[in-house]
Amino acid sequence: MEVTKKIGVIGVGKLGQAIISGLIKNNPGIVNNIIGTVNHLESIEKVKKVFNINVSNDNINLVKNSDVLIIAVKPQNMSDLMTQINPYIDGSKLIISVAASITTNFIAQRLTEKIPIIRAMPNTPCVINKGMTALSASANCSKEDLQLASSIFEVVGETVIVDEYLMDGVTALSASGPAYLYVIIESLAEAGVKLGISREVSTKLAAQTMLGAASMVLSSKSHPALLKDMVTTPAGCTIDGLMELEEGKLRVTLIKAVVLAAKRARELVNN
Ligand SMILES: NC(=O)c1ccc[n+]([C@@H]2O[C@H](COP(=O)([O-])OP(=O)(O)OC[C@H]3O[C@@H](n4cnc5c(N)ncnc54)[C@H](OP(=O)(O)O)[C@@H]3O)[C@@H](O)[C@H]2O)c1
């Protein structure tokens with residue numbers, strides 16, 4: 001579905017830029033239909049250096065001139081922002097919030113008009129069209145609203161629709177996830193360096209291996225344990241590496257990291 005609506009991105013920070021950049025790469029013509037806002041005047045110039053879009057710190061003007069509002073400010077800024085834009089929200093708008101921890105109910109309670117609200121949780125690989133976005137919708141969203149939101153994020157990667165109560169878990173898994181995986185790539189590359197391989201080659205070996213393994217999981221639809229078994233020759237070297245990972249509690253550490261991040265995601269709105 002082609003996105004022809006006027007899109008306003010409130011908060012052109014790291015994630016806002018990732019989304020805009022993906023949208024423009026896929027459809028350069030969309031640039032005239034995107035406007036953005038930031039908080040500080042000095043940020044305007046920074047964004048203008050990256051994108052040729054209309055960017056300002058005027059949220060009211062943005063709301064008046066957009067059909068779809070993608071809100072990408074920090075969770076802590078959401079309440080004040082809603083109070084500011086509420087008088088200008090009419091029934092024609094669709095809100096898509098990417099703020100971690102902020103529920104559709106939180107937003108609805110701060111708006112006079114009962115408009116459809118979508119909660120989306122993308123991740124930064126959206127910038128290279130390899131994003132993963134989970135979406136959930138307020139009860140008053142139509143199928144078309146959800147389809148429109150999906151089509152915005154589909155151009156920058158894959159999408160799934162989940163019940164809203166799962167969103168903090170999604171935040172901790174796929175939105176924070178790239179950070180965990182960068183640490184793993186960095187560590188594997190350090191191992192290569194320790195073994196005498198150049199950092200450049202080590203990093204390529206580690207990153208492409210992660211990409212290949214992830215692609216195998218997605219394309220084969222096999223359980224990761226089965227794919228692991230395919231690599232693990234009896235009395236070979238992989239089993240020694242796996243034993244070391246078990247001793248270092250890699251699995252439980254990753255599980256606990258995601259569970260803790262989900263707990264933090266639930267708290268973000270308050271501080
Ligand atoms: N980063 C991720 O990977 C990721 C993934 C999923 C979801 N998210 C969510 O996305 C949101 C943004 O995260 P981020 O990492 O992109 O943060 P960020 O880089 O700090 O960006 C926040 C942006 O919001 C702007 N802003 C703040 N208050 C504003 C206001 N009242 N009006 C207009 N713009 C305002 C800031 O402008 P200034 O720069 O001028 O202060 C900045 O451009 C958060 O809610 C986060 O939970 C992030």
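Whatever order the structure lists ligands and atoms in, that order sets their numbers, starting from 1.
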Which of the numbered atoms in ligand 1 are below 4.0 angstrom from a heavy atom of [X]?
X	answer
V98	7 (C), 8 (N), 9 (C), 10 (O)
S43	38 (P), 39 (O), 40 (O)
V12	43 (O)

* **ligand 1 versus N59: contacting region, heavy-atom distance under 4.0 Å** =>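 Just the side chain.
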Problem set entry | Contact partition for M121 relative to ligand 1, non-hydrogen atoms under 4.0 Å |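 The answer is the side chain of M121.
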- Which one of G13, A100, A99 has a non-hydrogen atom at the shortest distance from atom 42 (C) of ligand 1?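 Selected option, by shortest heavy-atom distance: G13.
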Who's the nearest protein heavy-atom neighbour of [atom], and how far?
atom	value
atom 24 (O) of ligand 1	G11 CA, 3.4 Å
atom 45 (O) of ligand 1	V73 O, 2.6 Å
atom 12 (C) of ligand 1	A72 O, 3.1 Å
atom 3 (O) of ligand 1	T124 CG2, 3.3 Å
atom 36 (C) of ligand 1	N39 N, 4.1 Å
atom 6 (C) of ligand 1	P122 O, 3.1 Å
atom 17 (O) of ligand 1	K74 NZ, 3.5 Å

| For the side chain to side chain contact (heavy atoms under 4.5 Å, CB included) test, which of V9, I19, V68 pairs with I96? |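 The side chain to side chain contact (heavy atoms under 4.5 Å, CB included) with I96 is passed solely by V68 among V9, I19, V68.
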Within the side chain of S66, is there an N or O that forms a donor-acceptor pair under 3.5 Å with the backbone of L69?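 No; judged by distance alone, with no hydrogens or angles, the pair does not exist.
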- [ ] Look at atom CD of Q84 and say whether more than 12 heavy atoms of other residues, nucleotides or ligands are closer to it than 6.0 Å.
- [x]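 Atom CD in Q84 is packed in, count exceeds 12.
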>> Atom CG of residue position N86 - does it have more than 12 heavy atoms of other residues, nucleotides or ligands inside 6.0 Å?
In response: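 Correct, the count exceeds 12.
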Report yes if [X] has an N/O atom closer than 3.5 Å to an N/O atom of ligand 1; otherwise report no.
X	value
L15	yes
H40	yes
L81	no
K14	yes

Any chain of hydrophobic side-chain contacts (each under 4.5 Å) joining [X] to [Y]?
X	Y	answer
V98	I24	yes
I115	M78	yes
M216	L188	no

Is the closest basic N to carboxylate O distance between [X] and [Y] below 4.0 Å?
X	Y	result
E267	K263	yes
K130	E158	no
R119	D168	yes

**Prompt:** How about T171 and R264: do any of their side-chain heavy atoms sit closer than 4.5 Å?
**Reply:**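 With C-beta onward as the side chain, the pair stays apart.
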